[in-house]
> 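I'd like to ask you about the structure that follows.
Bear in mind the structure is a predicted one, so any value in this text is a computation, not a measurement. Only this structure's heavy atoms are used, side chains among them; waters, hydrogens and symmetry mates stay out. Note on naming: letters A, B, ... go to the chains in the order of the sequence lines (proteins, then strands), and numbering restarts at 1 for each one.
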Protein chains: 2
Amino acid sequence: MRSVTIRDVAALAGVSVATASRVLSGHPATSPSSRERVEAAVADLGYRPDARARSLRKARTGTIGVLVSDVRNPFFAEIAYAVERRALRAGMATLVCNADESVDQQDRYLDLLVSQRVDAMVVAPQGDGSGSLQEVLGLGIPIVFVDRTLASGGTGVPSITSDNRTGLREAVTHLAGLGHRRVGLVAGPHETSTGRERLRAYRDAAAAAGLDPDPALVVQGDFQQASGAAGARRLLDLADPPTAVVAADSLMTLGALSVLRERGVAVGADVSLVGYDDLPAFALATPSLTVVAHDPARMGALAADAVRDLLAGRAATSTVLPTHLVVRGSTGPARRPA
Amino acid sequence: MRSVTIRDVAALAGVSVATASRVLSGHPATSPSSRERVEAAVADLGYRPDARARSLRKARTGTIGVLVSDVRNPFFAEIAYAVERRALRAGMATLVCNADESVDQQDRYLDLLVSQRVDAMVVAPQGDGSGSLQEVLGLGIPIVFVDRTLASGGTGVPSITSDNRTGLREAVTHLAGLGHRRVGLVAGPHETSTGRERLRAYRDAAAAAGLDPDPALVVQGDFQQASGAAGARRLLDLADPPTAVVAADSLMTLGALSVLRERGVAVGADVSLVGYDDLPAFALATPSLTVVAHDPARMGALAADAVRDLLAGRAATSTVLPTHLVVRGSTGPARRPA
DNA sequence: CGTTTCCATGGAAACGGTTACACGGCACGA
DNA sequence: TCGTGCCGTGTAACCGTTTCCATGGAAACG
């Protein structure tokens, strides 16, 4: 059962493949009569053009790759969705890949995207760009970073990120204002720019507010739910546990929250919690969560716009989107130690 | 800046393209000496094989399409993730598409997947198969349905679904046992098999338990969060509102929950709520949500297995995964109307 | 009426790989 | 020594499309 090709269409329509191709791609120089017959033949045979063959001849594949860490993270799902939506409107297909917060897997997918000859990529990069990423950057494929950037700053790659520092600073300042002196942080991986920036913002803000600089208050997570739970446990088990905890991403927030509940800690009273990302579910928790909010849908849309610009040969502008603290019920006055 | 082709590699290595190709694809009939030189040339030039060109000649593209309704729905995100993971292990790439609960968009993506010549598809189908879907089924592309099936049953397409009826029946029976007589349902769209089956199970179970058969207790949703909120509002605004509500998917559960909270209704006391899908966040709500649970990760993995079987020429088996009710705090004894 | 212009068309060369086929050289057994 | 067979290699066809170029006819113009 060989699939039907443009040759079959041309034969049935009684024209050459060249003419058939012209009709199919809307070339103006075609007579109404051949247009009509080709279209009839297409309908008759159920012809479906082969995008691979087409793209082999033309310069473009009409495909863009989106490489995020984990679509199960609602934050990245939203980004991927937004990019895809915008891309579809421009007639482009989207290849969504999960790096799983692993550089190896990221490299594997970068290879894959390159060999698929995607026209452009939207990447939330892992690591310091030492692996395939650096190499791929050298290939001249239009790339836009989203959410994260590389440690080695000036790569000339446009990026759509959010202002990690402000949100986290506001969170710490807010907690300090409530009288908290020992504020814990479940930090993100050093391999990501977001992890590093949020940690740095925490440290700066904590120092500025004169909080307890105890290094034990910072525990390392990996942006996955389990590490948020583990981190929260370590913090609560300290001899002198924090009275407030900040989690550096949504999944770790979920994990931390689950531990607080499992231990019967009254969130917002015994221990205050600031989450990251404003997931719909976070507003519905009891007490509803105070969070650092940013806007993944907008990030995705802007990333798609940047890709469009790059593909059109225009320069793409990097954007840093604002973040802000949304104060809800999970943060309250520090309870004086007994 | 033309990209480097296998011809360049062959030239540099001093062999023919045939030999270069053989080395690259691991063909046994190659001498150590040419292997070595070709590999050196590849490294030297930074050669990246072109998957499109390769797949044009070979029968396969090494790509499978995953067409779900909405990756922002954690349920589908989990499915997509599981499929992708399994596919990658088999060396295949995954094209993830969002039909957005719209038949039109589904058709557009089906066209796209066909023209990309994916080797197989995993689809959560919309509608009755009247659009492109029927046509695509006729093309002989291996397809596996996931989560949903078509109304027109015997299409011979293997499917990985979950037992929608049992879970919902248990939910209704559970509520009846707690003394609820008026149980509302925020139903899913008729265009989906899951929407229909869950509605039918609700009706059957309600009848069996002798609940109030008032048709006003069933409100129509579309599996999106906003419709869950709207549905809950309609139910609460009834002259004789239900004492318990069941939502037919996770996003509508979220919407319904937000309305209950916005109105200051004590969930589990004033009104009981049964959600659908066991999202991590649902266990963390207060009170934690009683839900109908199923296993999207397993569904995705089984779908990927089914695809593997089809691609290997074996028959794929359809599976119906179990669902079960997880009783938590959001359901309680019916409050006697004053 | 002859020449120029334009337009629809077909033939054939790309695009970047794989692979059927033929061929020469070598080791082997008779 | 002479087939026989195997193995590594090269030539060229092929996958399905687009597009360059040449061509022939009709229309437009003088």
> In terms of side-chain geometry, is the basic nitrogen of R148(B) or E101(B) positioned less than 4.0 Å from the acidic oxygen of its partner?
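Looking at R148(B) and E101(B), the cut-off is met.
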
> For dT18(D), take OP1 and OP2 only and decide whether either is under 4.0 Å from a side-chain N or O of S21(A).
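Result: yes.
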
> Start at the 5' end of DNA chain C and walk down; is the nucleotide closest to R48(B) or to R22(B) reached first?
R48(B)

> Output yes when a side-chain donor or acceptor of R37(B) lies under 3.5 Å from a complementary backbone atom of L12(B), and no otherwise.
no

> If you assign K58(B) and S16(B) each to the DNA chain D nucleotide with the nearest heavy atom, which residue ends up on the more 5' nucleotide?
S16(B)

> Let's test your reading of the model: under 3.5 Å, does the base of dG16(C) pair with the side chain of R57(B) as donor and acceptor?
no

> Rounded off to whole Å, could you give me the CG-to-P distance for the D50(B) and dC15(D) pair?
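Taking atom P of dC15(D) as the reference, CG of D50(B) is at 18 Å.
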
> Is S31(A) near enough to dT9(C) that one of its side-chain N or O atoms lies under 4.0 angstrom from OP1 or OP2?
yes

> What would the secondary structure line of DNA chain D be in dot-bracket form, counting Watson-Crick and G-U wobble pairs under 3.5 Å, with [ ] for pairs that cross earlier ones and | for pairs with another strand?
||||||||||||||||||||||||||||||

> Within this structure, what is the CD-to-P distance between Q116(B) and dT17(D), rounded to whole angstrom?
13 Å

> Would you indicate what T19(B) reaches in the nucleic acid, counting non-hydrogen atoms under 4.0 angstrom: base, sugar-phosphate, or nothing?
sugar-phosphate

> Identify whether the distance between the nearest side-chain nitrogen and carboxylate oxygen of D111(A) and R108(A) falls below 4.0 Å.
no

> Using salt bridge (charged side-chain N to carboxylate O under 4.0 Å, His left out), reason through R48(B) and E135(A) one step at a time and then give a plain yes or no.
CA-CA 11 Å; R48(B) 307 279 192 147; E135(A) 205 178 323; 3.1 Å; yes

> Under 4.0 angstrom, heavy atoms only, what part of the nucleic acid is R52(B) near: base, sugar-phosphate, or nothing?
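No contact.
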
> Determine whether the side chains of N98(A) and E84(B) contain a donor N or O and an acceptor N or O closer than 3.5 Å.
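E84(B) and N98(A) do have a side-chain donor-acceptor pair below 3.5 Å.
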
> For L45(B) and dG17(C), give me the distance from atom CG to atom P, rounded to whole Å.
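So the CG-P distance, L45(B) to dG17(C), works out to 12 Å.
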
> Would you sort out whether V17(A) and T5(A) count as a side-chain contact (heavy atoms from CB on, under 4.5 Å), showing the intermediate values?
CA-CA 10 Å; V17(A) 289; T5(A) 79; over 6 Å; no

> Using a 4.0 Å heavy-atom cut-off across all strands, classify S55(A) as base, sugar-phosphate, or nothing.
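Result for S55(A) = nothing.
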
> Touch check for T30(A), heavy atoms < 4.0 angstrom, all strands: base, sugar-phosphate only, or nothing?
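If one applies the 4.0 Å heavy-atom cut-off, T30(A) turns out to touch the sugar-phosphate alone, with no base involved.
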
